[in-house]
Amino acid sequence: MLSNQLRPRRLRSSFNMRNLIRENSLSTNDFIYPLFVVAGERIRKEIPSMPGCFHLSVDEAVKTAELVAALGIPGVEIFGLPEYKDEIGSGAWDPQSPVQRAIKAIKKAVPELLVVGDVCLCQYTSHGHCGQLNGNCIDNDKTLPLLAKVAVSQAEAGADIIAPSDMMDGRIAFLRAALDDKGFNDTILMSYTVKYASGYYGPFRDAADSTPQFGDRSTYQMDPANSREALKEVELDLDEGADIIMVKPALAYLDVVKSVRAACTRPIAVYNVSGEYSMVKAAALNGWIDEKRVVLESLLSMKRAGADIIITYHALDAARWLNE
Ligand code: PBG
Ligand code: ZN
């Protein structure tokens, strides 16, 4: 009996056998760690909705960036809380804003660490939307030149990678042209190509004070019910010149990651967003799950689905565990 039968358990029989046939792996090289920078000095204030994440003044952000590099993580992504908001979000391209100052200071202190600038207006507009208003509508084409100002100001501060998260149509081609025009031909565009209108952004909006003051983002971010539409967004961004394609959120959209992987040869990033992070943290703090196991298993699932890059608030912990 069973003599001719393939027994999958043979290949699971020992530690080394499992290591030998493993299909996917996680490495510290896979991660980008997001940082929230604020004005002031010596500020390191824990974000209530995201335990283990902090609002950092620029000096503290530099210290964290040094730690990130020491752990073997290739990059950080910078988000900022501005000192002022207005109708058009002009703080987003102010060279004295915390984001621009942090980019400059981190590139000076740790030149080899990749710095990603998140390009959007929602943290900077009084209404909390990602674009310029025309009545109660978000005006796509009026927003593009504003995003270009943000991208150029971050490139001037030294950002290696520009990551537009606004979801306006045509912004990749527009930003590519604006960057090239200023001589930033080598600045990389990592597009938030497939970004869903998600409830999982809740903790981030508390952290970044970017909740829309009226309505929601469903006229520009994608409907969670759609997957073919993701491939249409990918096609457009490939055409417009995105260097890296992103899918966001990650865990609830791994099917989308897999289909995007099949549709494109450019590197794919996934954004393991704030709500995904905070749910795991809350369960871990209650002693309901084994945090290390669950985090590493979730991050590995993103690699298995086809991601090359994982933007995650778990990056520091995961790197420590992987370096053990
Ligand atoms: C803003 C932006 C958001 C995130 C990154 N950039 C939220 C939003 O669209 O409201 C979400 C990140 C997270 O939840 O971790 N354009
Ligand atoms: Zn936004």
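Predicted model, so just to flag it, every value in this text is computed and none were measured. In each ligand, atom 1 is the first atom listed, and ligand 1 is the first ligand listed.
- Proximity of Thr64 to Leu56: side-chain heavy atoms (C-beta onward) are separated by under 4.5 Å at one or more points.
- Aromatic pair His129/Phe214: ring centres closer than 6.0 Å.
- Residue-level proximity to ligand 1 for Ser165 is carried by backbone and side chain together, each with a heavy atom below 4.0 angstrom.
- Nearest to atom 11 (C) of ligand 1 by heavy-atom distance, out of Met50, Glu77, Lys248, Gln123, is Lys248.
- The proximity of Cys120 to ligand 1, defined as any non-hydrogen pair under 4.0 Å, is limited to the side chain.
- Evaluated by nearest non-hydrogen atom to atom 15 (O) of ligand 1, the leading choice among Tyr196, Phe79, Tyr220, Tyr313 is Tyr313.
- Of all atoms in ligand 1, numbered sequentially from 1 with element shown, those under 4.0 Å from a heavy atom of Cys122 are 1 (C), 16 (N).
- Across Phe31, Tyr33, Tyr277, a single residue satisfies ring pair (Phe, Tyr, Trp, His ring centres under 6.0 Å) together with Tyr313, and that is Tyr277.
- We find that Asp166 and Arg171 are joined by a salt bridge, their nearest charged nitrogen and carboxylate oxygen being less than 4.0 Å apart.
- Aromatic ring centres of Phe204 and Phe79: separated by under 6.0 Å.
- Counting only heavy atoms of the protein, atom 2 (C) of ligand 1 lies nearest to Lys195 NZ, 3.4 Å.
- Protein N/O/S atoms closer to the Zn ion (ligand 2) than 2.8 Å number 3 in this structure.
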**Prompt:** For Gln132 and Glu87, what are the C-alpha separation, side-chain angles and deciding distance, and is it a side-chain contact (heavy atoms from CB on, under 4.5 Å)?
**Reply:** CA-CA 8 Å; Gln132 204 186 323; Glu87 188 70 13; over 6 Å; no
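- Looking at atom 14 (O) of ligand 1, its nearest protein heavy atom turns out to be Ser274 OG, 2.7 Å.
- Counting protein heavy atoms only, atom 10 (O) of ligand 1 is closest to Arg205 NE, 2.5 Å.
- In this structure Asp181 satisfies the side-chain contact (heavy atoms from CB on, under 4.5 Å) test with no other residue, sequence neighbours excluded.
- The cationic group of Lys182 does not satisfy the cation-pi geometry with Phe184, failing either the under 6.0 Å distance to the six-membered ring centre or the 45° limit from the ring axis.
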**Request:** Applying side-chain hydrogen bond (donor to acceptor under 3.5 Å, both in side chains), run through Gln100 and Ser153 and close with a yes or a no.
**Result:** CA-CA 7 Å; Gln100 280 77 0; Ser153 79; 2.8 Å; yes
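- In the hydrophobic clustering of ILVMFWY residues, with side-chain heavy atoms under 4.5 Å counting as a link, Tyr253 and Ile311 come out apart.
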